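Down below is the structure, laid out as structure tokens.
One-based numbering, in listed order, for ligands and for the atoms of each. All residue numbers in this chain count up from 1 along the given sequence. This one's a predicted model, so the numbers in the text were calculated from it and none came from an experiment. Reckoned from all heavy atoms, side chains included, excluding hydrogens, waters and symmetry mates.
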Amino acid sequence: MNVIENIGKITAVVLAILYILVFNESQTFQWIVFSVVLLSIGIPHGALDHLLPEGGNKTKKLSIFILKYLGIIGAYLILWMILPAFSLAIFLLISAYHFGQGHFIHLKIVKYKQLTYFIVGCNFLAIILFSDYIATATILESIIDITPFIDYGSITMISLFVSSLIVVSIQNLNKIHLLLAEIIVLSFLLYLLPVLMAFILYFGFWHALPSMMAEFDSLTANIQYGKIKKFIVQLAPFSIISFIGIGIILFLANSYLNEEQMILLFFILVSLISAPHIWVMNNFLEKRES
Ligand SMILES: CC1=C(/C=C/C(C)=C/C=C/C(C)=C/C=O)C(C)(C)CCC1
């Protein structure tokens with residue numbers, strides 16, 4: 001595994017410990033970590049889709065690719081407007097799969113591959129959301145009231161945690177005990193954190209950074225010098241467009257929505273750009289394997 005990814009994971013653990021023990025769960029600390037991780041790796045990791053081998057990397061294909069990409073965003077936006085609870089369910093299900101797929105980006109999962117991705121992704125997503133049930137329920141209350149299910153939070157988390165360990169243990173992988181230990185320690189750590197902090201640390205350092213490193217390897221394989229500079233130039237345009245687009249929408253909505261509704265709107269915007277990204281990344285990672 002990449003040195004940069006290991007440094008990222010250690011950074012995430014240090015940030016979590018600092019947040020709990022030194023900064024006494026400070027909101028300011030949480031928002032700084034959230035913004036820095038989101039702007040530096042969270043959004044940029046999805047800004048390279050058009051350059052990946054399965055994206056629109058050939059010039060004549062680029063316009064068709066962008067049209068398909070915008071088509072998915074548009075269709076999903078309409079779905080959010082007519083069926084928000086259903087759209088949320090879709091977002092959570094595809095995110096779980098995408099997180100699981102990213103979690104094993106360097107490993108060859110052979111047995112029950114799709115199910116393994118899905119269960120492991122569900123495990124982390126469930127811990128992130130249900131360990132801070134009231135905060136999650138408050139963010140979601142404009143769409144759905146999940147408070148009646150609060151009693152099922154623990155059983156859901158425990159079942160998914162145990163299932164994750166089972167589906168991973170049956171794989172024929174080297175150093176499987178390290179992989180299991182990582183799942184156990186990470187699950188406990190995320191459990192201790194509030195929803196947004198848990199989300200950004202998992203998303204940033206177990207998902208976006210490893211995905212970005214895979215993209216880096218693929219896009220700079222034939223370049224000898226100045227790999228990092230070229231890579232930054234490649235990811236800049238769509239990252240900047242996303243920052244500006246999300247920034248303008250949140251700025252305009254700010255006068256009408258409360259803090260929780262703003263957070264929800266932010267995640268709905270993330271879901272819109274994630275839907276086509278999940279499709280492109282799935283093609284990229286699946287083709288890379290074969
Ligand atoms: C944290 C969180 C949510 C879920 C966020 C998800 C699922 C994000 C997925 C992002 C992806 C898949 C990015 C792609 O690379 C909710 C339930 C919306 C609201 C409560 C806080």
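Scanning all protein heavy atoms for the shortest distance to atom 12 (C) of ligand 1 gives S95 OG, 3.3 Å. Atom 14 (C) of ligand 1 has S274 OG, 3.4 Å as its closest protein atom, hydrogens excluded (heavy atom only).
Residues satisfying the ring-ring contact (aromatic ring centres under 6.0 Å, His included) criterion with F231, sequence neighbours excluded, are F216. Under the ring-ring contact (aromatic ring centres under 6.0 Å, His included) criterion, F91 pairs with no residue at all, not counting sequence neighbours.
Residue H45 places a heavy atom under 4.0 Å from ligand 1. Within the structure, ligand 1 has L129 among the residues with a heavy atom less than 4.0 angstrom away.
Selection from F203, F91, Y202 by nearest heavy atom to atom 8 (C) of ligand 1 gives F91. With distances taken over non-hydrogen atoms, the option nearest atom 10 (C) of ligand 1 out of F99, Y97, F267 is F99.
Separating the CD atom in E215 from the CG atom in L51 is a distance of 9.5 Å, to the nearest 0.5 Å. With rounding to the nearest 0.5 angstrom, the CG atom of L129 is 9.0 Å from the CZ atom of F199.
For W206 and E182, the side-chain atoms include at least one donor-acceptor pair closer than 3.5 Å.
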